[in-house]
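To keep things clear, I will list the structure first and then write my remarks on it.
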Number of protein chains: 2
Amino acid sequence: MARRKDHSREELTQLAIQAGRQIVIDQGPNALTTRKVAQAIGYTPGTLYNVFKNIDALIAAINIESMHSFADSLRTLHQPGETSESRIRRIAQAYLDFHHAQPQLWSLLFAQPLNYNSDDYHAAIHAIFDQVCDAIMPLSSSPTLARQKAKILWSTLHGICLLQQSGKLNVSEPDPAEDLLTHFLDQFLQ
Amino acid sequence: MARRKDHSREELTQLAIQAGRQIVIDQGPNALTTRKVAQAIGYTPGTLYNVFKNIDALIAAINIESMHSFADSLRTLHQPGETSESRIRRIAQAYLDFHHAQPQLWSLLFAQPLNYNSDDYHAAIHAIFDQVCDAIMPLSSSPTLARQKAKILWSTLHGICLLQQSGKLNVSEPDPAEDLLTHFLDQFLQ
DNA sequence: AAATATAATTGAACATTGTTTAATATTAAT
DNA sequence: ATTAATATTAAACAATGTTCAATTATATTT
């Protein structure tokens, strides 16, 4: 068998990403296999390797889409007249909202070590992180301090979602992510 | 072949845990396979299944040991006359030290979703986390707030190490984990 | 238009995984 | 001494990522 040319290279790429994304949403990161993705788009695994170098590259592509989508939602939420504090709080809440709305995509993106690096991946991270830095900049005395504060905020958001997802520390009381975040931000924004 | 009885059940358990631990240290979490562990202890994979339910149970056992070891180091570091601030700072630094000294064991423990739960696992987490809560308690007005603060500290430590390990945000400047931690604690301990 | 080159697609295979199981050999109990 | 219980293994299974020769459709050249 050979060359159907039903789809262009770019179409195939998008088909695979969307199919893979849906598999992750429905069945979790562990269910993302080349055979499942291939079957979902009506091709065989071999074809995927003509478009992606390996499955890590496909995972990276799905993650890049998640990041751009999140970056877009951050841009949408931004209102020029807003105080820095309000903007930071809304960015943080948006992170929690993403985790709540798409826990499986969040896991694929943040809860699993990634073995694939690329400029696109790098750029997608910055499409998010630069906005966090921007929001914090007005409250800091130097760009270096602002960057550090942004990394601390980012780290804490990661950790809070991981903690909630693993459910490992819910003995006496659950402590909803929102409560932890509020508690953290009240001090962080002093 | 059958029944050599070179080792008791408990001896086999410990052999497997130590062999697995060393494989993770030397070659990383992904190198931890039943066949490698079995070969390292001079048995076959089937024998491991007579001792562990599956490989996730072995991973959990290795993690439990890591946690007890870390909990011990926290106990060792504790000095009765110390201020709360100093104790908290040293606990946090110990977390970073663990990550620095054993990055692979840290990854197995914290950077990968675990699919195996047990009372022992739960107890090991608390052997650590209860000490963090204890250290924070004197600075808080209620046990609930102390627990929340402990979770925030814990989350941030996680996040900082994850960030450093992934190396994804080291564009303009690396921002060593120690700097981020100091920056965080200076505000956290106010 | 014919011949040739290029590229896409597949099926089949390979190596590695985790895991199960029937067979077997050793120990323990009767 | 016979029987029962148990530990161990080899072999097999299913599922995974990945590679590749063979094949066929399109593009290019003559």
Side-chain angles (χ1 to χ4, degrees), chain A residues 1-17 19-21 23-24 26-63 104 107-108 112-118, chain B residues 1-17 19-21 23-24 26-63 104 107-108 112-118:
Chain A
M1 288 293 166
R3 193 143 194 170
R4 289 154 37 185
K5 198 67 177 176
D6 291 346
H7 304 96
S8 72
R9 205 176 187 78
E10 181 55 29
E11 283 171 336
L12 262 182
T13 305
Q14 283 308 313
L15 278 176
I17 291 175
R21 189 182 121 97
I23 290 169
V24 172
D26 293 338
Q27 310 169 52
N30 290 339
L32 187 71
T33 68
T34 54
R35 285 172 175 83
K36 272 192 192 152
V37 173
Q39 188 185 3
I41 66 177
Y43 284 81
T44 59
T47 298
L48 288 177
Y49 284 83
N50 196 29
V51 176
F52 299 96
K53 190 191 172 191
N54 53 35
I55 200 176
D56 288 325
L58 172 55
I59 292 174
I62 297 172
N63 282 341
Q104 307 281 34
S107 290
L108 190 76
Q112 289 188 314
L114 183 60
N115 308 307
Y116 196 85
N117 250 319
S118 70
Chain B
M1 290 288 170
R3 192 145 194 170
R4 290 155 35 187
K5 197 69 179 175
D6 292 346
H7 305 95
S8 71
R9 206 176 186 78
E10 181 55 29
E11 283 171 338
L12 262 181
T13 305
Q14 284 307 314
L15 279 175
I17 292 174
R21 189 182 121 96
I23 290 170
V24 171
D26 294 338
Q27 311 169 51
N30 290 339
L32 187 71
T33 67
T34 54
R35 284 172 176 82
K36 272 191 191 150
V37 173
Q39 189 185 2
I41 65 176
Y43 284 81
T44 58
T47 298
L48 288 176
Y49 284 84
N50 196 28
V51 176
F52 298 97
K53 190 191 172 189
N54 53 35
I55 199 175
D56 287 324
L58 172 55
I59 292 174
I62 297 172
N63 283 340
Q104 308 281 35
S107 289
L108 190 75
Q112 289 187 313
L114 181 60
N115 306 308
Y116 196 85
N117 249 318
S118 69

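This one's a predicted model, so the numbers in the text were calculated from it and none came from an experiment. Reminder, nothing fancy here: chain letters follow the sequence lines and each chain counts from 1.
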note: B/I59, atom CD1; C/dG18, atom C1'; distance rounded to Å ~ 11 Å
Scanning both residues in full, the closest heavy-atom pair of B/A19 with B/I41 reads CB-CG2, 3.6 Å
For B/Q27, the side-chain hydrogen bond (donor to acceptor under 3.5 Å, both in side chains) test, sequence neighbours excluded, returns B/K36
Here the residues of residues 29-37 of chain A within 4.0 Å heavy-atom distance, strictly under, of DNA chain C are A/R35
Hits for side chain to side chain contact (heavy atoms under 4.5 Å, CB included) against B/Q39, two or more places apart or cross-chain, chain-then-number order -> none
B/T13 (side chain) donor-acceptor with B/R9 (main chain) under 3.5 angstrom | yes
A/Q112 meets the side chain to side chain contact (heavy atoms under 4.5 Å, CB included) criterion, sequence neighbours left out, with A/P29, A/N30, A/L108, B/P113
Rounded to whole Å, CD1 of B/I41 lies from P of D/dA7 at a distance of 15 Å
Between CD of A/Q39 and P of C/dT9 the distance, given in whole Å, is 18 Å
Between B/T44 and B/A38, the two heavy atoms sitting closest are C-CB, 3.4 Å
Taken to the nearest whole Å, CG/B/N115 to P/C/dG18 is 13 Å
Picking from C/dG11, D/dT18, C/dT19, the nucleotide nearest the side-chain atoms of A/T44 would be C/dG11
Applying side-chain hydrogen bond (donor to acceptor under 3.5 Å, both in side chains) to B/T34 and not counting sequence neighbours gives none
Throw together a table of side-chain donor-acceptor distances under 3.5 angstrom for residues 49-62 of chain B, partners on residues two or more places apart or in other chains.
from  : atom 1 : to    : atom 2 : distance (Å)
B/N54 : OD1    : B/D56 : N      : 3.1
B/N54 : OD1    : B/A57 : N      : 3.1

Taken to the nearest whole Å, NE2/A/H7 to C1'/C/dA7 is 17 Å
Taken to the nearest whole Å, CZ/B/R9 to P/D/dA5 is 16 Å
Point to revise | Sugar-phosphate only, base, or nothing, as touched by A/L12 at under 4.0 Å among non-hydrogen atoms | key: sugar-phosphate
Just N and O in the side chain of B/Y43: are any of them under 4.0 Å from OP1 or OP2 of D/dT8?
yes
Here the residues of residues 47-57 of chain A within 4.0 Å heavy-atom distance, strictly under, of DNA chain D are A/Y49, A/N54, A/I55
Margin query: Side chains of A/L12 and A/D6, heavy atoms from C-beta outward: is any pair under 4.5 Å?
Written below: no
